[in-house]
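Here the structure is laid out as structure tokens; the discussion comes afterwards.
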Number of protein chains: 2
Amino acid sequence: MSAIEFRDHDHAACMRSTMQAAEAQCAARGLRLTPVRRRALEILLSEHRALGAYDLLAHLSAEGLGAQPPVAYRALDFLVKAGLAHKIEALNAYVGCVHPGEDHAPAFLICRGCRSVAEAETSPTKSRLGDAARAAGFRIERSVVEAEGLCPACQETGA
Amino acid sequence: MSAIEFRDHDHAACMRSTMQAAEAQCAARGLRLTPVRRRALEILLSEHRALGAYDLLAHLSAEGLGAQPPVAYRALDFLVKAGLAHKIEALNAYVGCVHPGEDHAPAFLICRGCRSVAEAETSPTKSRLGDAARAAGFRIERSVVEAEGLCPACQETGA
DNA sequence: TGTGCATTGATATGTTATAACAAGGATGCT
DNA sequence: AGCATCCTTGTTATAACATATCAATGCACA
């Protein structure tokens, strides 16, 4: 995989293509990417960083798109269910998905320095945890895999 | 690994030996397992279930061991730092560690039916996430690996 | 055109977590 | 013993994260 999130890249193009993929997804599946939802996704994607629901709300309300918590939470709920965004459990925060549409069990690299988040793939069933689950007769439905640490840039800066 | 948590076992003995291990740990490392902390750990261990901080607080305050949130959070903070308990990020809840002392990168199987939690081992560096991290130059400091689903018992009951 | 359903607006509240500061109590040193 | 220090606890207040509920709006399709 890539971890493009930690590298210099043409982020404007990155956002455009991701938004296009998101729109295509919604169109294909009959989901309505309304203005609030669309803008919420753009905000989440505008940096590869985890944003709290209230951070998102602040952005939205600054643009007149709703001022109460449910606005943000509803948008996030929609995006997460649609696979267009993910919740980072370790931070109680949210991040835009960089490859929407692909049915995935995401794993994250989370920088504690700059809060950047890179998305990777896992296969829970093939891990040691998957072995343990099989041995125990446990049926895995959802997995959370998150690693916290320092991204290359923050290793140089703060060490 | 075992996932003893989902199986019938002599839980009284299980708790006794875990508490002994915890005490040994604290003694060896000069940590003070005070009454509140000790009782908090016992409560967390009393079932192999995740307990919210306020659930724990309710137990503690029912026993006259402190009535305000910081009491519970301080105890949990101590236990987690000492490796005697773990936070389940996906639930914002806490669980007693069943093999304290061993320096470990735990992974969890979490039943959404009964909130039971089984603890397994991972090696973040050897996973695909570890590969991704290396490729990206990311330094992993802590990992969160949690799988939600249904334990054997709850598969039978609720399906 | 109207009926139904998804979405949004708004108020209130629930749940999880921490900041800040005062007071108590153990430890170690002289 | 006296005292300093540091860890721990008590308490108040508040911050941060999240949801229940109900009314109003608007789109979609018969």
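Values reported hereafter were calculated over all heavy atoms of this structure, with side chains retained and with hydrogens, waters and symmetry mates removed. Chain naming here is simple, since letters A, B, ... match the order of the sequence lines and numbering starts at 1 in each.
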Legend entry - Touch class at under 4.0 angstrom, heavy-atom based, for A/Y94 against every strand present: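 Answer is sugar-phosphate: A/Y94 comes under 4.0 Å of backbone atoms only.
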Inset, instruction - Looking at every strand, decide which applies to B/F78 at a 4.0 Å heavy-atom threshold: base, sugar-phosphate, or nothing. - result: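 Answer is nothing: B/F78 stays at 4.0 Å or more from every strand.
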Could you state the atom-to-atom distance from [atom1] of [X] to [atom2] of [N] in whole Å?
X: A/L65; N: C/dA10; atom1: CG; atom2: P; result: 12 Å
X: B/R74; N: C/dC21; atom1: CZ; atom2: P; result: 14 Å
X: B/Y73; N: C/dA20; atom1: OH; atom2: P; result: 18 Å

Legend entry - Residue pair A/Q25 / A/R29, side-chain donor-acceptor N/O under 3.5 Å: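 Note: A/Q25 and A/R29 side chains meet the donor-acceptor criterion.
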Inset, instruction - Please check if any side-chain donor atom of B/H48 sits under 3.5 Å from a side-chain acceptor atom of B/E119, or the reverse. - result: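 No, no side-chain donor-acceptor pair sits under 3.5 Å.
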Looking at [X] and [Y], does any basic side-chain N land under 4.0 Å from a carboxylate oxygen?
X: B/E121; Y: A/R128; value: no
X: A/R112; Y: A/E148; value: no
X: A/D131; Y: A/R134; value: yes

Legend entry - Contact nearer the 5' end of DNA chain C, comparing B/N92 with A/V36: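 Its nearest nucleotide lies further toward 5', so the answer is A/V36.
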Legend entry - Interface limits on DNA chain D, where chain A has a heavy atom under 4.0 Å of a nucleotide atom: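 Extent of the interface on DNA chain D: D/dC17 to D/dC27.
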Quick test: give all pairs of protein nitrogen or oxygen and nucleotides 23-29 of chain C nitrogen or oxygen below 3.5 Å, distance rounded to 0.1 Å.
none

Inset, instruction - Would you mind telling me which residue lines up with the more 5' stretch of DNA chain D, B/P69 or B/G64, judged by nearest nucleotide? - result: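 Here B/G64 is the residue nearer the 5' end.
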Legend entry - Residue whose nearest DNA chain D nucleotide is more 5′ - B/L31 or A/K87: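 Closer to the 5' end of DNA chain D: B/L31.
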Inset, instruction - Describe, as an angle rounded to 10 degrees, how the axis at the first end of the helix from C/dT1-D/dA30 to C/dT30-D/dA1 is tilted relative to the axis at the last end, five pairs per end. - result: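 Inter-axis angle at the ends, rounded: 30°.
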